[in-house]
Undergrad: 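Structure provided below as structure tokens; questions to follow.
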Amino acid sequence: MGYRDITSQSAVKSVLWGTRAAERNAETRKRLEKEHNVKIGDEVKIVTEEVSEEKDGRRKRKKIRKATVVDVYEYFILLRIETKNSFCESFAWKEFEAMRE
């Protein structure tokens with residue numbers, strides 16, 4: 001009496017599912033890029049506010065920063081902000097559109 005090898009069958013299914021998931025993600029990414037008029041790798045300028053404490057109270061200063069689009073998702077965008085120590089930060093689409101110059 002023999003047993004079926006289920007590993008070979010499940011491996012084929014997972015590879016196919018993974019391919020379909022990657023295709024679906026690529027389609028979603030293209031749709032989001034077109035909808036929000038950005039592409040991965042694009043450099044964008046965003047306006048940020050810095051708050052500094054002084055004698056007479058708080059003072060807000062707007063600063064224009066360069067950022068690179070790292071990835072786009074359904075509800076937010078991931079940006080790499082260029083500073084001395086570059087860092088990535090995610091923003092909701094509404095927030096990104098308001099900050100965009």
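The first residue of the sequence shown is numbered 1, and numbering continues consecutively from there. Please read all numbers here as calculations on a predicted model, not as lab measurements.
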Undergrad: What's the separation between atom CD in Glu82 and atom CG in Asn85, rounded to the nearest 0.5 Å?
TA: 13.0 Å
Undergrad: Establish whether Phe91 and Trp93 are linked, either directly or via other cluster members, by ILVMFWY side-chain heavy-atom contacts under 4.5 Å.
TA: yes
Undergrad: Taking only distance into account, with no hydrogens and no angle test, what donor-acceptor pairs under 3.5 Å do side-chain atoms of residues 31-38 form with protein atoms, sequence neighbours excluded?
TA:
from: Arg31; atom 1: NH1; to: Glu35; atom 2: OE1; distance (Å): 3.3
from: Arg31; atom 1: NH2; to: Glu74; atom 2: OE1; distance (Å): 2.9
from: Arg31; atom 1: NH2; to: Glu74; atom 2: OE2; distance (Å): 3.2
from: Glu33; atom 1: OE2; to: Ile40; atom 2: N; distance (Å): 3.3

Undergrad: For residues Leu78 and Ile46: do they belong to one hydrophobic cluster (side chain heavy atoms under 4.5 Å, members Ile, Leu, Val, Met, Phe, Trp, Tyr)?
TA: no
Undergrad: Please check if Phe87 and Val70 belong to a single hydrophobic cluster, counting links between Ile, Leu, Val, Met, Phe, Trp and Tyr side chain heavy atoms closer than 4.5 Å.
TA: no
Undergrad: Report yes or no: do Val44 and Ile77 belong to one cluster of Ile/Leu/Val/Met/Phe/Trp/Tyr joined by side chain heavy-atom distances under 4.5 Å?
TA: yes
Undergrad: Roughly how far apart are Arg61 CZ and Thr48 OG1, rounded to 0.5 Å?
TA: 9.0 Å
Undergrad: Look up atom CZ in Arg65 and atom CG in Leu79, then write down how far apart they are to the nearest 0.5 Å.
TA: 12.0 Å
Undergrad: Does Tyr75 OH have over 12 foreign heavy atoms under 6.0 Å away?
TA: no
Undergrad: Hey, are the side chains of Asp42 and Thr68 touching, using non-hydrogen atoms and a 4.5 Å cut-off?
TA: no
Undergrad: Closest heavy-atom contact between Ser90 and Phe76?
TA: CB-CD1, 3.7 Å
